[in-house]
Amino acid sequence: MEMQKNYDPRTFEDKLYAEWTEKGYFRAERDPAKIPFTIVIPPPNITGQLHLGHALDNTIIDALIRFKRMQGYSALYLPGCDHASIATEVKIVEEMKKEGLTKKDTGREGFLARAWQWKEKFGGRIVEQLKKIGVSADWSRLAFTMDENCSRAVREVFVNLYEKGLIYRGDRIINWCPGCKTALSDAEVEYSEDAGFFWHLKYPVKDSDESIVVATTRPETMLGDTAVAVNPKDGRYAHMVGKTLVLPLVGREIPVVADEYVDMEFGSGAVKITPAHDPNDFEVGLRHGLPVIRVMNDDGTMNENAGAAYAGLDRYAARDKVVEDLKACGALIKVEPHSHNVGHCYRCHNTVEPIVSKQWFVKMAPLAKPAIDAVARNKIKFTPERFSKIYFNWMEGIKDWCISRQLWWGHRIPVWYCDDCGEMTVSKTDPCECAHCHGKNIRQDEDVLDTWFSSALWPFSTLGYPEKTEDYDYFYPTDVLSCGYDIIFFWVARMIFSGIEHTGKVPFRDVLLHGIVRDEQGRKMSKSLGNGIDPLEVVEEYGADSLRFSLVTGVAPGNDSRYSKGKVEAARNFMNKVWNASRFVLMNCEGEAIPPLSAVKLGPADKWIVSRLEGCIREVTLNMGKFELGIAAGALYDFLWSDFCDWYIELAKSALYGQDKAKKTATLSVLCFVLDNALRLLHPFVPFITDEIWRNIPGTEGGIMVASFPRYDSKLAYKKEAKAFEPVMDVIKTVRNIKAQVGCPPAKKVRLYIAAANRRMLSLNAGAIARLAGASGIEFVESGDLGEKTLSQVTETCTVFVPLGELVDVEKERERLGKELERVVGEIGRADGKLQNRGFVEKAPRALVDAERAKLEKFIEMKQKIEKQIRDLEG
RNA sequence: GGAGGCAUAGCUCAGUUGGUUAGAGCGCUCGCUUCACAUGCGAGAGGUCGUAGGUUCGAGUCCUACUGUCUCUACCA
């Protein structure tokens with residue numbers, strides 16, 4: 001094969017991917033002779049395109065899958081996409097808005113038709129993008145959260161949970177997004193510290209001069225107040241409990257109640273109670289049988305319960321008017337700035353409102369317990385381990401999960417209401433009559449399920465659940481779940497309790513978490529900052545392998561990382577290095593018969609590199625097993641660049657260009673052996689370049705991705721021999737060092753004298769030493785008494801002497817040093833003169849004076865060194 | 001309020017169960033158009049491992065406190 005001088009991934013990546021697909025390398029077979037290894041993709045949303053987070057996800061997973069596949073497992077990487085109910089719906093609504101359309105205009109059917117079109121377009125695009133980065137997923141099993149299988153699983157799970165009493169419908173305080181006009185789960189709310197105000201309000205006691213002061217950050221909610229609460233232990237208010245207050249503006253009479261919830265220390269110690277618009281107040285309301293008065297509409301405007309003066313006003317306009325009116329009637333005592341945490345919708349970022357609403361919930365306590373146990377008993381292991389604490393923390397305090405969404409795109413809730421008898425029919429299949437009265441007047445619930453409800457089933461719904469399919473039997477439970485730590489709550493935790501509840505098994509044994517890929521300055525990538533990186537552009541410029549390698553190198557599990565062009569360039573340079581080392585090996589193999597390693601006699605250098613390779617195989621294998629991909633990749637980088645390229649290839653040149661035919665053949669055999677193994681080790685990380693090169697190595701057959709992963713073997717460790725070879729490298733390094741110290745060009749040939757206790761290894765490799773150190777000849781001596789001036793340096797095993805005359809032309813060197821000394825002395829004079837000048841020292845900026853002093857010191861030091869060099873030269 | 005991460009070279013980060021002289025990439029300095037590669041080669045400079053204690057024969061690594069910083073989580077109206 002003719003290899004180009006420079007690595008150019010564009011010439012082969014697409015070609016190879018097509019070939020892999022065509023040959024069916026990605027397809028996972030249910031082979032009873034093999035052990036299955038399964039990872040399901042964290043399904044990307046169909047909302048847009050791939051970002052670096054996906055690239056990282058998929059690089060990690062693909063590396064693990066390729067590793068296991070090469071180790072002989074039946075490795076299944078199961079790909080798919082998520083319908084992303086709310087996220088997609090928001091996007092489609094935005095798109096429609098540009099055309100002047102609303103959901104009302106299209107109606108449910110029309111909207112869903114549009115959504116499916118969207119899915120076709122963007123779902124397909126994501127798949128193409130994943131292919132571009134080399135993902136070896138089994139595309140024949142491509143799944144979608146709303147495809148037939150997954151939808152059936154959703155129905156099955158919903159109905160089973162309902163029948164067990166673990167799904168219920170009720171009026172509860174939920175997070176309402178007035179932008180998306182839907183309920184949200186707790187996990188879907190993002191909090192941020194926003195600047196606001198604290199309004200202190202005075203509520204008068206009925207038929208009395210007394211009053212009670214309460215404070216609020218949301219004054220408009222006072223229109224829905226149905227009580228004021230104080231702590232039962234609070235002596236200040238003991239006499240007030242049971243009295244009646246008159247709610248300003250509204251005129252409603254509300255009681256003063258005593259409740260433990262109230263913190264006596266905070267504020268005035270009295271709290272206004274708005275059961276319909278605050279989760280804590282709702283609980284207080286339940287305990288005291290208070291009315292629940294909802295004063296806000298779904299779109300964030302006030303409703304008729306708020307009173308004629310406010311009905312129809314937006315919540316913020318209503319707030320202003322309420323404050324103004326309270327002020328006018330003297331009920332507003334004071335206003336103070338107050339910053340507090342405000343919840344925002346994770347999709348549209350509007351401020352969410354806690355609102356009482358009739359929604360569907362999953363009862364979490366019974367589900368959380370076994371899910372906690374599974375991790376506590378190590379049936380599921382988090383990597384890094386610290387995330388199990390975060391998981392426990394969340395699971396132990398978990399509240400019921402609000403699963404209904406007032407959206408259209410998603411799995412419609414499988415509940416039908418009967419207009420005749422008023423009963424509910426909950427069914428896995430669409431019923432045509434009421435299960436209770438058999439009436440035909442049934443309507444399906446309008447709402448859909450939280451998108452994470454279906455994602456929670458992903459590891460088994462994609463494998464055929466609830467059917468007991470062959471895939472399910474063979475591949476479930478899956479092995480590793482890898483994703484970013486930012487979706488532990490949304491996804492990982494829910495898969496764990498769902499898997500245990502519905503399949504009786506933990507859905508995976510290992511959870512491998514990675515961090516967030518940030519921008520060069522450490523900021524999160526986001527649309528609003530415009531600092532996002534399109535992985536496809538990186539692939540276009542540097543190739544998929546460089547992107548993949550840069551994403552996993554120097555990164556520890558669970559830690560955030562920064563993307564930078566520099567890192568990708570470093571990875572690209574490494575690819576180029578591998579490319580050229582391979583080119584060197586293959587060029588030298590041309591026209592030669594290469595015997596296997598076992599058929600040749602290995603020299604010291606050969607055993608050294610084989611030993612290093614063995615160590616590398618060991619390190620890579622063990623670290624892949626521990627999910628330490630960064631360490632594994634780093635080990636490969638060092639081995640290939642330093643050990644193989646910088647040392648072994650250079651050492652090999654003596655043999656390759658020498659006269660000893662057997663030695664040359666043995667060297668070629670070693671070069672091929674090491675390259676073959678190194679490429680196979682590297683393949684999980686950088687699949688394209690490794691395959692492109694590997695197939696050209698003499699003796700290899702088929703594609704590298706179905707070749708076997710190298711096994712470490714202590715027979716190849718050659719520990720003693722590798723150690724014995726080190727003095728050779730020490731001598732070479734020492735000579736180079738001496739030359740550099742005196743400014744002798746590395747290529748200039750010098751004679752060497754070596755005093756060593758053990759000469760055998762050094763003399764055996766004299767040719768290599770001469771070549772790599774740039775020596776014209778090597779002579780072994782007993783001591784340093786050589787009868788000529790030399791520079792010497794001591795290594796661990798010997799002393800190296802280089803004749804001074806060889807290093808430099810003494811006359812020329814003396815001249816050069818003289819000039820250098822002259823220059824430095826001049827500089828000293830200049831700097832000293834400046835510093836002697838009082839005006840400069842007193843008036844110039846301090847930093848400038850300091851800098852000048854530093855310069856002077858440096859030049860004086862240089863002068864001394866040069867003078868010493870001249871003295872040494874004179875002898 | 002609760003929890004967790006991070007703090008190591010100028011910058012970005014590795015450092016696996018505690019164990020020789022703490023590493024890499026980029027940047028910097030010096031020298032190289034050496035026949036695989038200038039996307040390169042050789043040689044360097046640069047670190048009191050955040051602070052203070054403790055455990056240990058031995059601490060970047062384990063423990064405690066503190067400082068700085070980031071994140072998650074709950075929420076006090």
Side-chain angles (χ1 to χ4, degrees), chain A residues 3 5-8 186-187 190-191 198-200 214-218 221 228-229 261-263 265-274 278-281 284 338 340-341 343 384 386-387 389-390 392-394 397 399 485-486 488-489 515-516 518 520-522 524 542 546 550 553-556 558-567 569-588 619 622-623 626 628 630-634 637-638 641-642 645-646 649-650 653 657 732-733 735-748 771-774:
Chain A
M3 283 177 81
K5 188 176 167 193
N6 284 325
Y7 159 69
D8 182 4
D186 293 344
E190 290 174 346
Y191 289 89
F198 223 6
W199 284 273
H200 297 257
V214 296
T216 181
T217 55
R218 295 185 298 153
T221 62
V228 164
Y261 152 71
V262 181
D263 179 358
E265 310 297 320
F266 190 83
S268 65
V271 186
K272 63 190 267 312
I273 300 297
T274 323
D278 182 279
N280 292 306
D281 293 7
V284 174
H338 179 73
H340 60 139
N341 260 347
R386 65 173 187 272
F387 285 105
K389 284 185 212 159
I390 292 174
F392 290 139
N393 205 316
W394 192 70
K399 293 189 190 142
Y485 63 69
D486 51 333
I488 294 176
F489 306 139
I516 294 167
R518 298 171 175 277
E520 204 153 356
Q521 292 141 55
K524 236 174 169 167
Y542 296 99
S546 299
S550 71
T553 316
V555 179
N559 283 5
D560 288 355
S561 57
R562 298 189 190 195
Y563 170 86
S564 76
K565 212 168 172 149
K567 283 184 190 171
E569 273 167 10
R572 189 270 322 266
N573 293 352
F574 178 52
M575 295 303 113
N576 189 57
K577 191 72 183 173
V578 170
W579 181 263
N580 273 289
S582 307
R583 193 159 72 96
F584 173 81
V585 173
L586 297 178
M587 271 166 37
N588 280 285
E619 204 176 348
L622 296 180
N623 279 297
K626 290 189 282 185
E628 289 280 3
I631 295 177
Y637 184 96
D638 288 342
W641 203 312
S642 307
C645 292
D646 291 346
I649 285 184
E650 294 306 321
K653 284 175 183 171
Y657 304 147
I732 294 165
K733 279 192 254 181
V735 177
R736 287 169 172 175
N737 185 273
I738 291 172
K739 283 185 175 178
Q741 269 178 24
V742 294
C744 169
K748 184 171 158 66
R771 182 179 188 90
L772 298 203

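Residue numbers begin at 1 in each chain, while the letters A, B, ... track the order of the sequences.
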Practice task
Scan Tyr191(A) against the nucleic acid and name what it touches under 4.0 Å (heavy atoms): base, sugar-phosphate only, or nothing.
Solution key: base
Practice task
Ignoring backbone atoms, establish whether Arg562(A) has a side-chain N or O less than 4.0 Å from OP1 or OP2 of rC13(B).
Solution key: yes
Exercise for the section: Determine whether Asn573(A) and Lys577(A) make a side-chain contact, defined as any pair of heavy atoms from C-beta on separated by less than 4.5 Å. Expected result: no
Problem - Base rC37(B) paired with Lys5(A) side chain (donor-acceptor, <3.5 Å) - result: no
Handout entry: Heavy-atom side-chain proximity of Trp394(A) to Ile488(A) below 4.5 angstrom
Key = no
Exercise for the section: Please state the C1' separation for the pair rU51(B) and rG19(B) - nearest whole angstrom. Expected result: 26 Å
Handout entry: Touch class at under 4.0 angstrom, heavy-atom based, for Asn341(A) against every strand present
Key = base
Practice task
For Ala187(A) and for Gly554(A), locate the closest nucleotide of RNA chain B by heavy-atom distance; then report the residue assigned to the nucleotide nearer the 5' terminus.
Solution key: Gly554(A)
Problem - Pair of N/O donor and acceptor under 3.5 Å linking rU39(B) base with Arg572(A) side chain - result: yes
Practice task
State plainly whether the residues Glu650(A) and Lys653(A) are in salt-bridge range, i.e. N to O under 4.0 Å.
Solution key: yes
Exercise for the section: Using whole Å, report how far CD of Glu520(A) lies from C1' of rU12(B). Expected result: 9 Å
Practice task
Could you tell me whether the side chain of Asn576(A) has a donor or acceptor atom within less than 3.5 Å of a complementary atom in the base of rC37(B)?
Solution key: no
Problem - Distance below 4.0 Å between Trp579(A) side-chain N/O and rG40(B) OP1 or OP2 - result: no
Fill in the blank from the handout: When rounded to whole Å, the CH2 to P distance for the pair Trp394(A) and rC75(B) reads 13 Å
Exercise for the section: Take the protein atom CG of Asp638(A) and the nucleotide atom P of rA14(B), then report the distance between them rounded to whole Å. Expected result: 16 Å
Problem - Short side-chain N/O contact from Lys567(A) to OP1 or OP2 of rG27(B), under 4.0 Å - result: no
Exercise for the section: Tell me what Asn559(A) touches on the nucleic acid: a base, only sugar-phosphate, or nothing, going by heavy atoms under 4.0 Å. Expected result: sugar-phosphate
Practice task
Please state whether the phosphate of rC41(B), meaning OP1 or OP2, lies under 4.0 angstrom from any side-chain nitrogen or oxygen of Lys577(A).
Solution key: yes
Exercise for the section: For Lys399(A), answer base if it contacts any base atom (sugar-phosphate contacts may also be present), sugar-phosphate if it contacts only those atoms, and nothing otherwise; contact means non-hydrogen atoms under 4.0 Å. Expected result: sugar-phosphate
Exercise for the section: For rC75(B), take OP1 and OP2 only and decide whether either is under 4.0 Å from a side-chain N or O of Tyr261(A). Expected result: no
Problem - Which nucleotide in rG25(B), rG4(B), rA77(B) has an atom nearest any side-chain atom of Ala570(A) - result: rG25(B)
Completion exercise
Whichever of Glu190(A) and Thr217(A) has the more 5' nearest nucleotide on RNA chain B, that residue is Glu190(A)
Exercise for the section: Identify the nucleotide, in any strand shown, that forms a Watson-Crick or G-U wobble pair with rG68(B), with both distances under 3.5 Å; if there is none, say none. Expected result: rC6(B)
Problem - Any N/O donor-acceptor pair, Glu650(A) side-chain to rA36(B) base, under 3.5 Å - result: yes
